[in-house]
Structures are given as structure tokens and as C-alpha cells.
Amino acid sequence: MTGGAVGGPRRLGGIAARGGVSTLVGQLVRAGVQGISLVVLARLLLPEDFGLVAMAAAVVRIGDVVREGGMANAAIQAATLSEEERDNLFWLNTALGCATGATLYLLAPLVAAFYGEPTLTEVTRWLALTFVLGGMTTQYSASIVREMRFTAAAGIDVVGQVAGLVTAVAIALLGGAYWALVGQNLAIALVICVGSAGVAGWVPRLPHRRVSIRPLVSYGLHLLASQLVEQTCRAADTIVVGFRFGAVSAGLYNRAFQLMALPMRQLTYPAQRVALTILARLQDEKDEFWPFVRRGQTILLHALTPICTVAAAMASPLVDIVLGPSWAPAAPVLTLLMIAAVFETATQPTTWVLLSTGRTRALFVFTLVTRPLLLVAIVVGSVGGMTGVAGGVAASAVVTWLAGLLWIRRTNDAPAGQLFGVAFRAVVAHGTAATVGSVVASRLDLAGPWAEIAVGLGSTVATLGVVALSWPTLRRDLATVWRSTRLLRRSTGSEGSGPGRQ
């Protein structure tokens, strides 16, 4: 068997801390690589190049959900997982990857016709190869996470990003235009596939016909259904912008989206990876389960909300510095997407709770109700151009956050009021501080975007200090974050690296 109980709540807390350190360091390095990619490629390629690949990638994101089939989380969440079950899951994911890849290859001309961009036929066909590589990677990655080898998982991600950046820059310098971005995607997928297989250290045997994986497939299918609705609606903004306003607008929107996603992905994905692993083992210990959820939400919000609110308030100088003056039309989009990111962060505990307790059906129902609202908001918002689309994304994020709290209170008897309070305090405190910082910077005659950012940040920090001094409950939240950082520092110095290399 692979996996199982790894100790009591204290033991799990230490594992979570060490896992948090590993994933955080890895994600910070990964964020650095992606930041370099944003800066460099924005100066080597045109908005139209980014737009063309973004329009194809929006379709790829939907197919990627089918390729994964919910099987990664099914393997991670399972109380026990035999080697035979793992082998069968590997072949199932590989088959799904090949099938979705072949389907997208055949449908590539229709994708191009939908957007009215003939170039997209070949772009889409090359991106279809990532499905095959991803299908082979799924269970290797799940195995690494299940064994709580978070350092290895983070390292693989970083190496993949570096390989992708080097490939993209090389092709761009050779005049490859949008092919640089296609090459980047393929290089990342290939390196992560090879790296995950090597680190996982097992070779799949032929399928075991007498070993049933029906419970795992059932879990995965419910998750697949919810994720398919989720990703289809999430891809709708890029699809609508590309369809209605063309490749240039899609490129501008995509770069703003990537700036928003840079901090979001580096923290929310690894946080979910660690949270699901720990919460799945605490689901029968409610005295430990809900405090862990609340602490995790507090830490995540106070890590991401200040970044997002500052970026939203000072979007213009930020875009000027990162992307360059020619990308200025993306600034209003970035402001609205960063606001959406704050509320998406606040919604994370809903996903943690439903997945860790195996309530994938409840997650599907929640997604089926809330995500179409995002689609409607995007379509309605598109009347106002790409900025209107971003506004629709932000509005739907607020509604989804509130709906998520009500839903887990009903399905899991969650302390929704406490979770609301944590998010409310973070949003109000950091939002107020960032707004004051932006106003101060805009009222002064400053020499360039760097000076605006510096003055704005200084004013933001000062304002946050004043708010914290006058708000005792907020101070307690910040104290929770501080205690957690001390735990992380102690854990990095403790002997051992957690359970389970198998």
C-alpha cells in the first residue's frame, strides 16, 4: 500500500509546516522565473503573438481537465492506494491524455474558424501534444504529493519553468514570434513529465484487470464534472475577448491576466496541495480540522491580499515597469483582475473543505450553480470591451465567495461566520492601505513609475500599521500569521524531512 496515516495532529502540523516551507520556496523561485518570462517576452514579442496562443490555450485548458479526469486528487485523497490501483490509474490517465490530444488535433481547424484566425490550426495542433505528456505525468505527480515529498514536487516545477523560459527566449530571438510561446508550453510539459517519472521512481506495470478502481473513478468523475464547468467558464474571458475584439486585445488581456495569476498560482496551488493532504487526514477530527482551515485561510489571505490590493491600486506604474509603456491599455484590466484575485483567494477554503472530505458531488453542485454566473458576467461585461470583461470577472468572484461560505456551512457545518470575518478583515485592511498609498503617490509630482511604486508602498505600509493598531481582531489575525512563520522557521531547522519516500 502507498500512503496512510502519518501521525497525530501535531505530527501533521509539522509536516504541513515543512511542506509549506518547501512549496513556498519553490513557488517563490518559480514566480521569479515566470516574472522574468513576463518582462523579457513582453519586450521580444507583440500583443498579437500572445493573443494568438492565448486563444488556443483557452481551449486547451478545457481539454486539460478531461485529460486529468480528477484522478490526481482521487489518488491523493484516498486513505490507501495499492500499487495495482496506482498502475491502473496511470494507464487510465495516459489513455485520456492521448484521446483528448487526438480530439483537439482533429478539431484544430474548427478552433481557427471560430476565431477567424487560420494560424491557430497549427498552433492548436502543437499544443495538443501537451495532453499526451500531461496524461503520462498525472499519477507520477500525484504519487510525489501523496508521499508528501513537497520539495521534490516544487523542484520539478521550477526546472520545468526554467526550461520553458530558455526555449521561449531562444525561439523569440530567432524570430519565431508566437512559436516561442508554443515551444515554452511544450518544453514545460516535457520536462515535468520526465522529472516526475524520475523522482517518483516507479515503472507502471500492465493494467490489472482484477483490481477495481471504481471508487477512485467515481470520485474523479464528480470532480471532473465540477472542474469542467469551472475551467470552461474560466476560459470564457479569453475566448470572448479573442472572439469579439481580436488577437491584439486578447494579448493585452492575457498579459494582465498573467500578472494577476503570477502571485495567485505561486501561493494558492501549493497551499491547496498541502491543505488537501493534511485535511484529508483530519476530516474525522473536527476539533483540529476547522482551526486548521481557519489558520490556513488567514495565512493565505494575508500573504496574497496585500500583493493584489497594491497591484490593483498601482496598476499603471506596475504595467509600465513589468511590460513596458506600450502595454498601458492593460492597466485597467489588471486593476479589476487583481480585485477578483482577492475574492478568489477568500474562496479557497470552500474547495479545501469539499475536496478533503470527499464531497465532490457537493463541489459539482456548487460549481454548476456559481460558474455560469461568471459566464453571464463576462458576456454582459463585454459590452464595455476587455475592461468590461475583467469587471464581470471581479463581480462574479465576490458572489462566488459569499455563496461558498453558505454552501460549506450547509454541507459541512462549517463556521462560516468566522471564515467570513477573516476574509472581511483582510480585504478591508489591505484594501484601505493600498488605496491610501495610491492616492498619496498620485498626488505627488514623482519622477517615473519606480518612484510611484516606492512612495505608494511606503504609504501603504504606514497606513496598514495604523489600521492594525486600531483593530484588535486584525492584530490577532496578523499574530496568527507571525506565529506560523516562526513555526516554519523552526521546522526548517528540525531533523528529518517528513515521511515517506517509497
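Under a 3.5 Å cut-off, the side chain of Thr305 and the backbone N or O of His302 do not form any donor-acceptor pair. In this structure, the side chain of Gln297 engages the main chain of Leu419 through a donor-acceptor pair within 3.5 Å. Checked by atom type and distance alone, the side chain of Ser459 never pairs as donor or acceptor with a backbone atom of Gly456 at under 3.5 Å. In this structure, the side chain of Ser37 does not engage the main chain of Val33 through any donor-acceptor pair within 3.5 Å. In this structure a side-chain-to-backbone donor-acceptor pair under 3.5 Å is present from Trp407 to Ala362. At distances below 3.5 Å, not a single donor-acceptor pair connects side-chain atoms of Arg410 with backbone N or O atoms of Leu406. Between the Thr309 side chain and the Pro306 main chain, a donor and an acceptor come within less than 3.5 Å of each other. A donor-acceptor contact shorter than 3.5 Å links the side chain of Ser382 to the backbone of Val379.
Interatomic distance, CG of Leu190 versus CE of Met136, reported as 9.5 Å (0.5 Å rounding). With values rounded to the nearest 0.5 angstrom, Leu181 atom CG is found 9.5 Å from Leu52 atom CG. For the atom pair CD1 of Ile239 and CD1 of Ile378, the computed distance is 9.0 Å after rounding to the nearest 0.5 Å. Rounding to the nearest 0.5 Å gives a distance of 12.0 Å between CG of Leu252 and CG of Leu334. Here the OH atom belonging to Tyr115 is positioned 8.5 Å from the OG1 atom belonging to Thr124, to the nearest 0.5 angstrom. In this structure, CZ on Arg361 lies 10.5 Å from CG on Leu368, to the nearest 0.5 angstrom.
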Test side-chain contact (heavy atoms from CB on, under 4.5 Å) applied to Thr100 and Leu104, step by step: CA-CA 6 Å; Thr100 51; Leu104 185 61; over 6 Å; no
Run the ring pair (Phe, Tyr, Trp, His ring centres under 6.0 Å) check on Tyr140 and Phe90 step by step: do they pass? CA-CA 8 Å; Tyr140 286 127; Phe90 171 86; 5.5 Å; yes
Between Ser438 and Glu452, does the side-chain hydrogen bond (donor to acceptor under 3.5 Å, both in side chains) criterion hold? Intermediate values first, please. CA-CA 8 Å; Ser438 175; Glu452 288 185 56; over 6 Å; no
Begin from the C-alpha positions of Asn254 and Thr238 and carry the test side-chain hydrogen bond (donor to acceptor under 3.5 Å, both in side chains) through to its verdict. CA-CA 7 Å; Asn254 174 259; Thr238 300; 5.4 Å; no
How far apart are the C-alpha atoms of Trp450 and Ile321, what are their side-chain angles, what is the distance that settles it, and do they pass the side-chain contact (heavy atoms from CB on, under 4.5 Å) test? CA-CA 7 Å; Trp450 284 105; Ile321 291 170; 3.4 Å; yes
Would you sort out whether Thr411 and Arg359 count as a side-chain hydrogen bond (donor to acceptor under 3.5 Å, both in side chains), showing the intermediate values? CA-CA 9 Å; Thr411 59; Arg359 288 178 166 84; 5.2 Å; no
Going through the checks in order, is the side-chain contact (heavy atoms from CB on, under 4.5 Å) test met by Phe289 and Val353? CA-CA 9 Å; Phe289 184 90; Val353 168; 4.2 Å; yes
Report the C-alpha distance between Thr167 and Gln184 in whole Å, list the side-chain angles of each, state the deciding distance to 0.1 Å, and finish with yes or no for side-chain contact (heavy atoms from CB on, under 4.5 Å). CA-CA 6 Å; Thr167 301; Gln184 182 180 35; 5.6 Å; no
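Across all non-hydrogen atoms, the minimal contact from Ala58 to Ala235 is O-CB, 3.5 Å. Shortest non-hydrogen contact noted between Ala434 and Ala313 is O-CB, 3.5 Å. For the pair Ser396 and Ala377, the tightest heavy-atom approach, listed with the atom from each and the gap, is CB-CB, 4.3 Å.
In Trp471, the CH2 atom is crowded: over 12 heavy atoms of neighbouring residues, nucleotides or ligands sit closer than 6.0 Å. Arg61 CZ: more than 12 foreign heavy atoms inside a 6.0 Å radius.
Side chains of Leu478 and Leu474 form a contact here, defined as non-hydrogen atoms less than 4.5 Å apart. Considering only heavy atoms from C-beta on, Tyr105 stays 4.5 Å or farther from Leu129 through its side chain. Residues Leu374 and Thr400 fail the side-chain proximity criterion, which asks for heavy atoms closer than 4.5 Å. When side chains are defined from C-beta on, Phe114 does not count as touching Leu120, because their heavy atoms never get closer than 4.5 Å. For the pair Thr351 and Thr347, the minimum side-chain heavy-atom distance is 4.5 Å or more. Residues Leu259 and Val322 have side chains in contact (heavy-atom distance under 4.5 Å, counting atoms from C-beta outward). With contacts defined as side-chain heavy-atom distances shorter than 4.5 Å, the pair Leu174/Trp179 does not qualify. Using a 4.5 Å cut-off on side-chain heavy atoms (C-beta onward), Val123 and Trp126 make no contact.
Using the six-membered ring where Trp is involved, Trp401 and Phe343 have ring planes that are tilted, between 30° and 60° apart.
The residue from Ile188, Val191, Val166 that alone fulfils the side chain to side chain contact (heavy atoms under 4.5 Å, CB included) condition with Gln161 is Ile188.
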